[in-house]
There are 2 protein chains.
Amino acid sequence: MAASETRQSIVAAADDLFYENGFDHTSFAQVAEVVGISRGNFYYHFKTKDEILDAVIEKRLEDRRTMMSQWSSSQETPRQRVALFIRILLTNEAKIKAYGCPIGTLFTELSKLDHPGEDSARRLFDLFRIWLKRQFELMGHTRDADDLGMHILARSQGVATLANAYPNEPFLKNEVQQMLAWLEALEASGNT
Amino acid sequence: MAASETRQSIVAAADDLFYENGFDHTSFAQVAEVVGISRGNFYYHFKTKDEILDAVIEKRLEDRRTMMSQWSSSQETPRQRVALFIRILLTNEAKIKAYGCPIGTLFTELSKLDHPGEDSARRLFDLFRIWLKRQFELMGHTRDADDLGMHILARSQGVATLANAYPNEPFLKNEVQQMLAWLEALEASGNT
DNA sequence: CAGATTTTAGGTCACTTGTCCTATTTCGGG
DNA sequence: CCCGAAATAGGACAAGTGACCTAAAATCTG
């Protein structure tokens with residue numbers, strides 16, 4: 001198989017395993033087994049574990065970038081786009097209840113490990129933060145656009161964490177509704 | 001030294017290390033070194049790593065219980081007590097910015113590790129959840145007391161996560177103010 | 001088809017981990 | 001003071017880890 005394809009398979013498998021079991025707790029052997037290659041071959045594609053982490057973060061950045069592009073083309077108003085962001089919680093409900101937020105949990109882990117990849121992981125937050133800020137600016141909230149973005153980002157994080165702790169409750173759906181209501185009320189009070 | 005004192009020292013050191021570096025990433029050797037005892041002695045007090053985890057969670061539960069008792073005796077109204085809960089974020093601002101929420105990050109990690117201690121860790125959430133529910137009931141929000149408790153719990157979690165990601169910003173203080181304002185507005189709309 | 005390059009497999013290495021054992025030291029009660 | 005129990009120290013062990021190496025296989029190129 002071409003090297004790039006194998007590489008993609010590895011990154012995809014590592015992405016899942018890092019999400020489901022954590023970065024530190026995922027071993028070379030596990031990833032190799034999922035991909036169906038030997039540990040030796042693994043080293044041909046990635047020399048260190050940190051290299052895989054970088055590749056996984058890069059993939060996650062790219063995936064989110066394309067997702068946001070689709071949002072931009074499918075939805076007319078910035079409010080509708082922010083609503084799409086909020087609704088990720090519903091779109092990925094099952095996985096979030098099982099493993100939490102892929103961005104938040106990764107950052108939290110790397111932060112605790114004092115891992116150099118912490119900065120790259122923060123860029124995942126930045127991606128949404130800046131995008132959200134832009135949407136709120138377009139909604140007329142130029143002054144506090146960043147605060148609003150951070151606010152909704154934080155709410156999403158908290159909902160993901162507690163939905164992970166209490167998966168068998170309507171909590172997630174309730175909170176999404178509240179966030180959408182908050183967004184609508186915000187629209188009405190726009191033009192700052 | 002008496003066994004119980006050494007045991008306490010071990011649990012206290014493990015509590016800190018689990019918080020700062022994570023449970024999985026903290027080794028017997030590290031804890032022993034902090035406490036100043038040998039690895040062999042360690043095994044005399046705790047036979048497995050899971051036993052230490054249980055003891056740490058038990059200690060955290062106990063610490064929070066006493067904290068909430070003090071809140072109950074120092075503050076008259078339930079609203080003031082909930083305000084104290086919200087203000088933990090400010091009280092522990094430095095540690096939260098450095099390591100996140102000790103309860104949330106522990107649960108998240110154990111969840112990812114598929115560790116049996118996940119259930120015990122959830123009881124830490126339960127402790128606050130039930131206490132908050134009671135306060136909202138006392139405020140007259142009998143019908144949606146649990147939802148309100150979960151809401152403020154989730155907000156706190158989200159704020160802690162993002163404060164950890166962006167420690168050099170006024171974000172945490174801003175959000176605490178917003179949560180307190182939310183609480184005050186809620187009081188006005190009470191008597192459900 | 002033949003040779004060179006890419007890709008893969010499997011084994012080795014040093015290190016760390018949790019667990020466990022045994023010998024020694026410390027300490028409290030008779 | 002002395003002895004038995006409590007507490008400690010230090011090492012041993014198997015298992016798993018990331019990292020690394022070399023030889024074989026697969027693939028591509030001329």
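In the text below, chain A, chain B and the rest are named by the order of the sequence lines, each starting its count at 1.
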(request) Could you tell me the separation between the CD1 atom of B:Ile52 and the P atom of C:dT17, rounded to a whole number of Å? (result) 13 Å

(request) Taking only the side-chain nitrogens and oxygens of A:His45, find out if one of them lies under 4.0 Å from OP1 or OP2 of C:dT8. (result) yes

(request) Check whether any side-chain N or O of A:Glu175 sits under 3.5 Å from a backbone N or O of A:Leu172 as a donor-acceptor pair, and report yes or no. (result) no

(message) Could you check whether B:Glu62 pairs with B:Arg65 (Lys NZ or Arg NE/NH1/NH2 to Asp/Glu carboxylate O, under 4.0 Å)?
(response) yes

(request) Measure the distance from NZ on B:Lys47 to P on C:dC21 and round it to the nearest whole Å. (result) 11 Å

(request) In whole angstrom, give the distance that lies between atom CZ of B:Phe46 and atom P of C:dG18. (result) 14 Å

(message) In whole Å, I'd like the distance from the CG atom of B:Asp50 to the P atom of C:dT19.
(response) 7 Å

(message) Please identify the 5'-most and 3'-most nucleotides of DNA chain D with any atom under 4.0 angstrom from a heavy atom of chain A.
(response) D:dT17 to D:dC20

(request) Give the rounded distance in Å between these two atoms: CD of B:Glu33 and P of C:dT16. (result) 13 Å

(request) Please check if atom CZ in B:Arg39 has more than 12 non-hydrogen atoms from other residues, nucleotides or ligands closer than 6.0 Å. (result) no

(message) Using heavy-atom distances to pick each residue's nearest nucleotide on DNA chain D, tell me which of A:Ser27 and B:Ser38 is more 5'.
(response) B:Ser38

(request) Identify whether any heavy atom of A:Tyr43 sits under 4.0 Å from a base atom; if not, whether one sits that close to sugar-phosphate; answer base, sugar-phosphate or nothing. (result) base

(message) What is the separation between atom CZ on A:Phe28 and atom C1' on C:dT12, rounded to the nearest whole Å?
(response) 16 Å

(message) Base, sugar-phosphate or nothing for B:Thr26? Non-hydrogen atoms, less than 4.0 Å.
(response) sugar-phosphate

(request) Take B:Phe42 and A:Arg39, find for each the nucleotide of DNA chain D with the closest heavy atom, and name the residue whose nucleotide sits nearer the 5' end. (result) B:Phe42

(message) Can you see whether B:Arg81 engages B:Gln75 through a side-chain donor-acceptor pair at a distance of less than 3.5 angstrom?
(response) no

(message) Main chain of A:Cys101, side chain of A:Thr105: is a donor-acceptor contact present, judged purely on distance under 3.5 Å?
(response) yes

(message) Distance check needed: C:dT6 P versus A:Asn41 CG, whole Å only.
(response) 15 Å

(request) Could you pull out all residues at least two apart from B:Glu184 that satisfy side chain to side chain contact (heavy atoms under 4.5 Å, CB included)? (result) B:Arg79

(message) Whole angstroms only, please: what is the NE2-C1' distance between A:His25 and C:dT17?
(response) 12 Å

(message) Strictly distance-based, threshold 3.5 Å: is any side-chain N or O of A:Tyr19 a donor or acceptor partner for the main-chain N or O of A:Lys95?
(response) yes

